[in-house]
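These numbers come from the heavy atoms of this one structure, side chains and all, not from hydrogens, waters or symmetry mates. Not measured: the values here are computed from a predicted model.
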Amino acid sequence: MKVFDDKHIKNVAFVGTHRSGKTTLSETMLFEAGLINRRGTVEQQNTVSDYHEFEHQRGASIFATPLHTEWRNYKINIIDTPGLDDFIGEIMSSIRVADTIVTVINAKHGADIGTEIIWNYVDRYHKPTLFVINKIDSEKADYDMSVNSLKELVGNNAVLIQYPIKIDGAQCIIDVLKMKCYKFKPEGGKPEKLAIPDDQLEYANKLHNELVEKAAENDEELMELYFDKGTLNEDELRKGIKLGMLNHDVFPVFCVSALNDMGTGRLMGFIDNVAPAAADLKPEQTLDGKILNPTKDAETALFVFKTVYQPNLGQITFFKVMSGEVSVNDKLYNARTGDLETLNQLYIMDGKQKHAVQKLTVGDIGATTKLKFTNTNDTLAQSESAGIIRPIKFPQPRLVKAVFAESTTEEEKLSDALKRIHSQDLTVDVKYNKETHQTLVGTQGELHLATLVWILENIYDVKARFETPKISYRETIQRSATANYRHKKQSGGSGQFGQVHLKIDPFYEGMPDPEGFSLRGKEEVNLPWGGKLVFYNCIVGGVIDQRYLPSIMKGILEVMESGPLTDSFIRDVRVMVYDGKMHPVDSNDISFKIAGSHAFREAFLNAKPKLLEPIERMILRVPEDMIGNVMTELQSRRAIIQGIESEAHYQQLKCNIPSAELTDFSSQLRSLTQGRATYTSEFENYGAVPVHVQKEIVKQEVITS
């Protein structure tokens, strides 16, 4: 295949809400360029990008799919992304390596909530962006509504390049950059170029002048030309629009009918001639501050933005060439692991179709197979000291489930499959909770989880069940208590004997030593699960030999690993061992360990035990008109609001909320805000469980144990 230089490679990511027509637009662009002879459709399940069996079942894009087209000596790499927020990882990785974001809007719905959700991610990356209003020939299309909703979302930086009209029943597009009218046949394709009709000239000139002003704003030289001439020519306009896109200040707006091939050729021409290439963007930077020179003569550095496992091919690794060039059989270092990888094959991928190439240059997107040590977000570089390219920061899971293999013989198989899935999709979080002895899987929502289940069953041949995860509670006490226990066992010969008297108190940092005891020794144990055990030796007169005290403490620690309320860890207790008895023959370590554990358990149950629950520190970003409903929901989940700050049309809300209340919170928040609210959370501390809630938890523990 032809090798293009960095000035003639354009990488675009098609983003937009579900049913906006991204896949159809991709298909039409490949058809327009002659790379395919017949256009497939989503309904017929024969498009280039939606090739996955699960996508056929769902009738929608699930995975981001790289493909390419060629137009007038330019190569356009397209990444067709899903339109559902559950697959935000696929969208974010595509945005990360694209040079221009093409946001597709359904003319029947305008810039809807789904568009807003995706726009928030696009805006965060500050990437050059253009908008395409699709389905302009639909009976229910409303172009003016679509433009108005778009401007409400992104402001007046959305600048019309085109608008649709009908002439004698024929679909036409007025282009105010070229000041031409394109008239299409019912089947679309190459349009007839006409002068702008007289009744449209005034409006077209108005839009043209707005475009000129917007383009001139981005460059002093262009501004001077504008003041001198009162206008800009087409080349000057292109320059100004490109600079505005690079500054994230100009968002050109086009209109098309992807289904009927109207306007796609003009859109591709704009991507070729105006939209920024990789060489126009700021150079990439490594985590240690090194700047990667985006030229073909620089040292080679690749950024891995996506990995896919296919049963017949193994792992396919997708990358963007950030600097230098890469050729077949090149050996590159994984900057994260230090391992050397050999790229035995290089491909350009069009959906599931592989096109072998010998070389790829800076700015291009390609793929390879059979890498041993490389996963998503990794850097492959010519030099061992090249540094790690800034990775994609994926959102934390919104839905967490405990997962078990349906058959206990397949637990290892399930574990291996989950590790491989995580390496491909970093928005799938997999970890093992040592306290609850559960493997936890985090996803972005119910549909993301359903996709995970399908992949497990159909790709890895393992069935799993998913349950609500257990909460890692802690147990402690609220008052002092005393207890004693005598352990006596006689079975012929040497027996077992040990008696322990002890007192326990709630512990807090800085508390004074206990009064009324003869303090002979003190040991503080920082517990692995948090909190402390403070152990005092208060034995007088040698009633218990010094050598048995470690055994008593060991027995206490064993109980603290499995508290009597919910089998959870115990924390923040101090123990005074002040009396007891021993036998000259039958006493031994095991006797005092048993006596100590029983005495501690009895005292604990008499010390008004209470449960502590993990509390999350949560930050929510909520549309200002929805904040009331969200606050009501949070308060019903025992959240404590810490503060609210304004942020454009959003409110940033901070609160502390029990982890136990987050089981279905993501789904409920999505329902309350139509998916517009987002949140992050992290562990803050442990807090006391309310009495009525504790009773229910303990009751449930008794039922299930």
Side-chain angles (χ1 to χ4, degrees), residues 400-405 408 411 415 431-442 465-481 483 485 487 500 502 504-507 525-535 551-575 590 592-616 638 657-663 683-705:
V400 178
K401 294 285 187 181
V403 60
F404 307 87
T408 54
E411 288 289 354
S415 177
K431 58 188 177 185
Y432 182 74
N433 188 321
K434 293 180 180 178
E435 294 182 36
T436 62
H437 308 294
Q438 292 182 321
T439 298
L440 303 180
V441 173
R465 73 179 192 276
F466 294 83
E467 298 177 0
T468 300
K470 295 178 182 177
I471 301 298
S472 300
Y473 292 106
R474 296 288 183 268
E475 299 181 19
T476 191
I477 55 175
Q478 301 179 74
R479 66 186 181 196
S480 302
Y485 186 84
H487 174 67
V500 172
L502 54 76
I504 63 174
D505 290 331
F507 171 78
V525 180
N526 289 308
L527 301 166
W529 50 86
K532 281 186 177 180
L533 164 67
V534 181
F535 183 85
S551 297
I552 295 171
M553 190 169 78
K554 189 175 181 181
I556 291 169
L557 282 169
E558 282 191 2
V559 176
M560 294 186 78
E561 290 185 10
S562 181
L565 293 182
T566 58
D567 205 29
S568 304
F569 291 124
I570 294 173
R571 58 177 288 170
D572 298 328
V573 179
R574 74 175 182 183
V575 180
I590 189 67
F592 278 99
K593 176 186 167 185
I594 293 170
S597 65
H598 280 277
F600 178 77
R601 180 181 291 272
E602 182 181 331
F604 187 88
L605 289 170
N606 291 329
K608 199 177 179 182
K610 70 175 178 180
L611 278 183
L612 304 176
E613 62 184 341
I615 304 295
E616 297 279 321
R638 301 190 283 124
I657 185 169
S659 297
E661 298 290 349
L662 294 179
T663 302
F683 173 76
E684 176 76 2
N685 54 29
Y686 275 88
V689 175
V691 174
H692 69 284
V693 177
Q694 176 170 316
K695 285 181 179 177
E696 265 319 298
I697 294 169
V698 174
K699 180 180 176 183
Q700 193 62 36
E701 183 69 23
V702 171
I703 292 171
T704 56
S705 61

**Message:** Less than 4.5 Å apart, side chain to side chain, heavy atoms only: is that true for Trp529 and Met560?
**Reply:** yes
**Request:** Would you name the heavy atoms of Ala481 and Ala607 that are closest together and state the gap between them?
**Result:** CB-CB, 3.8 Å
**Request:** Say whether, by atom type as modelled, one donor and one acceptor occur between the side chain of His437 and the main chain of Lys434 under 3.5 angstrom.
**Result:** yes
**Complete:** So CD of Glu467 and NZ of Lys401: to nearest 0.5 Å the spacing works out to 9.0 Å
**Prompt:** Which pair of heavy atoms, one from Leu502 and one from Ala599, lies closest together, and at what distance?
**Reply:** CD2-CB, 3.8 Å
**Asked** Side-chain contact, heavy-atom cut-off 4.5 Å: Phe569 with Leu527?
**Response** no
**Request:** In sequence, state the C-alpha distance, the side-chain angles, and the governing distance for Ser472 and Glu435, and then conclude on side-chain contact (heavy atoms from CB on, under 4.5 Å).
**Result:** CA-CA 7 Å; Ser472 300; Glu435 294 182 36; 3.2 Å; yes
**Request:** List the steps and the verdict of side-chain contact (heavy atoms from CB on, under 4.5 Å) for Thr476 and Lys610.
**Result:** CA-CA 6 Å; Thr476 191; Lys610 70 175 178 180; 3.6 Å; yes
**Set of residues satisfying side-chain contact (heavy atoms from CB on, under 4.5 Å) with respect to Lys695, sequence neighbours excluded** = Val691
**For the student: nearest non-hydrogen atoms of Pro609 and Gln478, plus distance** = O-NE2, 4.0 Å
**Item:** CD1 on Ile697 to CG on Leu611, rounded to 0.5 Å
**Value:** 5.5 Å
**Request:** Start with the C-alpha gap between Met553 and Val575, add the side-chain angles, then the distance that decides, and say whether side-chain contact (heavy atoms from CB on, under 4.5 Å) holds.
**Result:** CA-CA 9 Å; Met553 190 169 78; Val575 180; over 6 Å; no
**Prompt:** Which atom pair, heavy atoms only, marks the closest approach of Gly687 to Ile615?
**Reply:** N-CG1, 3.7 Å
**Request:** Given side-chain contact (heavy atoms from CB on, under 4.5 Å), test Glu613 with Val693 step by step and report yes or no.
**Result:** CA-CA 11 Å; Glu613 62 184 341; Val693 177; 5.5 Å; no
**Request:** Check whether any side-chain heavy atom of Leu612 sits under 4.5 Å from a side-chain heavy atom of Glu475, and report yes or no.
**Result:** no
**Asked** Could Lys470 and Glu701 be called an ion pair, given the rule that one side-chain N must be under 4.0 Å from one carboxylate O?
**Response** no
**Prompt:** Between Leu440 and Pro469, what is the shortest heavy-atom contact and its length?
**Reply:** CD2-CB, 3.5 Å
**Message:** With rounding to the nearest 0.5 angstrom, report the CD to CD1 distance, Glu684 to Ile657.
**Reply:** 13.0 Å
**Message:** Measuring from atom OG of Ser597 to atom CD1 of Ile552, what distance do you get when rounded to the nearest 0.5 angstrom?
**Reply:** 10.5 Å
**Fill in**
So NZ of Lys532 and CZ of Phe507: to nearest 0.5 Å the spacing works out to 5.0 Å
**Asked** Taking atom CD of Gln438 and atom CG of Asn433, what is their separation to the nearest 0.5 Å?
**Response** 7.0 Å
**Item:** Of Tyr485, Phe600, Phe592, the residue whose pairing with Val500 passes side chain to side chain contact (heavy atoms under 4.5 Å, CB included)
**Value:** Phe592
**Request:** May I ask you to test the Val559-Phe604 pair for a side-chain heavy-atom distance under 4.5 Å?
**Result:** no
